[in-house]
Amino acid sequence: MLADAAGPAALGPGDVALRLGAVLLAFLTLPLLVGQAEHKVMAHMQGRVGPMHAGRFHGWAQLVADGVKFAQKEDTVPAGADRAVFRLAPAVALLPYFVVLIAIPLGPGTLVGQVIDAGVFFVLAVLGLGVLGQLMGGWASANKYSLLGGMRTAAQLMAYELPLLLAAASVVMAAGTLSLTGILDAFQWWWVPWQIIGGVVFFVAGIAELHRPPFDAPLAPEEIIFGAFTEYSGLRFALFLLAEYAGIVVVSALTAVLFLGGWHGPFADQLGWLWMLLKTAALCFLVIWARVAWPRLRVDQIQKLAWTVLVPLALAQIALTGVVKVVIS
């Protein structure tokens with residue numbers, strides 16, 4: 001049962017349906033907008049002319065052309081594959097991001113699908129389930145390269161889950177609550193410079209968990225064909241790509257909520273939802289920019305960054321938060 005921001009309450013079927021419909025609409029549109037933006041941003045940054053032609057004006061129909069292309073491709077399943085698991089894997093990779101969106105506040109008051117008391121724990125736990133889809137796809141493909149790509153994906157998730165959790169724990173300590181709405185209610189603007197180290201760690205770890213460049217070694221053709229997705233084609237492959245873009249939206253939105261104040265800004269009561277969307281969009285742009293600007297890291301470099309850089313920085317942020325809390329109290 002959904003609840004409003006004031007606390008648990010029994011909502012009518014119409015209110016529940018409206019909130020779920022709004023979350024579903026955001027889930028279906030925001031990742032597509034990020035995908036379209038990636039085409040255009042990369043086209044400008046790298047001088048690509050292809051994404052600027054479909055539909056004439058600024059290549060507005062590029063995303064539509066990609067969808068038609070995926071729909072027309074043959075849907076193949078390897079002869080030795082575990083067919084049920086192979087077909088289920090894309091949905092398992094995609095659905096956790098929809099569940100997480102339900103708990104992310106868009107604005108003050110009732111602009112949230114579901115208020116969860118342990119919201120930070122909930123969203124981070126559900127985000128970790130997304131890797132199961134890639135593991136399932138790699139194992140079920142009956143392809144040693146797909147299996148090895150899936151195992152590399154799992155290893156990368158395990159490495160970056162720890163700094164992600166530690167960085168989020170710093171904000172929880174500062175706010176004194178696990179609720180996402182509670183964190184935003186307690187937020188103060190002077191938290192931004194104080195928690196900036198944790199914010200950078202959280203954002204970088206989130207990008208790494210999505211296997212976005214420069215952390216895409218498990219999917220790099222030069223490394224291992226195309227990782228767990230090697231045997232996928234057509235709409236199932238498109239679902240994996242949609243899961244990646246949905247992950248970008250979710251990681252950016254969580255970073256905005258935890259470290260940038262979410263809906264806080266001038267005239268927050270009226271424009272809070274706009275500030276939240278703008279902050280999320282800016283972080284999504286940084287994810288796209290990182291793909292263009294940074295060279296791919298090797299597998300050993302990816303692991304070294306997690307354990308020797310991000311984890312110590314996250315622990316330092318927690319220590320700083322503890323000191324500041326003691327001084328304030």
Side-chain angles (χ1 to χ4, degrees), residues 30-54 58-59 62-63 66 97 127 130 149 152-153 155-157 159-161 163-164 167 192-193 195-227 229 240-256 258-260 277-314 317:
L30 293 180
L32 295 179
L33 291 176
V34 172
Q36 181 77 342
E38 182 167 60
H39 280 106
K40 306 311 171 189
V41 171
M42 291 182 65
H44 283 294
M45 287 183 172
Q46 298 181 326
R48 297 185 178 189
V49 297
M52 294 299 182
H53 279 275
H58 210 257
Q62 180 62 49
L63 201 63
D66 286 342
Y97 299 113
L127 278 180
R152 283 190 179 183
T153 296
Q156 188 163 314
L157 174 74
Y160 282 88
E161 191 74 9
L164 191 80
V192 174
Q195 296 287 338
I196 190 63
I197 296 175
V200 172
V201 171
F202 186 92
F203 189 59
V204 172
I207 294 176
E209 287 200 358
L210 296 175
H211 308 100
R212 289 283 303 182
F215 303 98
D216 60 338
L219 309 177
E222 298 87 351
E223 293 271 354
I224 191 168
I225 317 296
F226 203 62
F229 309 147
F240 277 119
L241 291 183
L242 183 61
E244 178 181 320
Y245 290 127
I248 294 174
V249 173
V250 167
V251 168
S252 299
L254 285 176
T255 304
L258 295 175
F259 299 97
L260 298 178
L277 290 178
L278 288 176
K279 293 173 184 178
T280 302
L283 292 170
C284 289
F285 173 82
L286 287 181
V287 176
I288 299 171
W289 171 81
R291 176 175 182 176
V292 178
W294 292 90
R296 177 180 294 124
L297 299 176
R298 298 193 310 267
V299 175
D300 61 305
Q301 293 173 327
I302 291 174
Q303 294 291 327
K304 184 177 180 179
L305 177 66
W307 296 109
T308 65
V309 179
L310 296 188
V311 170
L313 285 177
Q317 178 68 74

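Throughout, numbering of the chain's residues begins at 1 and tracks the sequence. Side chains included, hydrogens not; waters and symmetry mates left out as well; all remaining heavy atoms used.
Distance check, rounded to the nearest 0.5 Å: CD of Gln301 to OG1 of Thr308 gives 11.0 Å. The line from CG of Leu305 to CG of Asp300 is 11.5 Å long, rounded to the nearest 0.5 Å. Annotation: the span from Glu38 atom CD to Arg212 atom CZ amounts to 4.0 Å, rounded to 0.5 Å. With rounding to the nearest 0.5 Å, the separation of CZ in Arg152 from CD in Gln303 is 10.5 Å. If you take CD on Gln46 and CZ on Arg291, they are separated by 8.0 Å, rounding to the nearest 0.5 Å.
Across all non-hydrogen atoms, the minimal contact from Ile207 to Pro213 is CG2-O, 4.2 Å. Looking at every heavy atom in both residues, Ala167 comes nearest to Gly198 through CB-O, 3.4 Å. Residues Ala256 and Leu283 approach most closely at N-CD1, 3.8 Å, considering heavy atoms. Taking both residues in full, the closest heavy atoms of Leu63 and Leu32 are given as CD2-O, 3.3 Å, listed atom of the first, atom of the second, then distance. When all heavy atoms of Leu164 and Gly206 are compared, the pair lying nearest together is CD1-N, 3.8 Å. Ala314 and Val201 make their closest contact through CB-CG1, 4.1 Å (heavy atoms, listed as atom of the first residue, atom of the second, distance).
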Kindly indicate, with the supporting measurements, whether the criterion side-chain contact (heavy atoms from CB on, under 4.5 Å) is fulfilled by Tyr97 and Val249.
CA-CA 9 Å; Tyr97 299 113; Val249 173; over 6 Å; no

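Side-chain atoms of Tyr160 come within 3.5 Å of backbone N or O of Ile302 as a donor-acceptor pair. Remark: side-chain polar atoms of Gln156 are paired, donor with acceptor, to backbone N or O of Phe215 under 3.5 angstrom.
Side-chain contact between Leu127 and Leu254: present, with at least one pair of heavy atoms (C-beta onward) separated by less than 4.5 Å. In this structure, Ile288 and Met45 have side chains that are not in contact, with every pair of non-hydrogen atoms separated by 4.5 Å or more. Two residues are said to be in side-chain contact when any heavy atoms from C-beta on lie closer than 4.5 Å; Val251 and Thr255 meet this criterion.
Put simply, the residue from Leu210, Thr280, Leu30 that forms a side chain to side chain contact (heavy atoms under 4.5 Å, CB included) with Ile248 is Leu210.
Taking the ring centroids of Phe203 and Phe259, they lie at or beyond the 6.0 Å cut-off.
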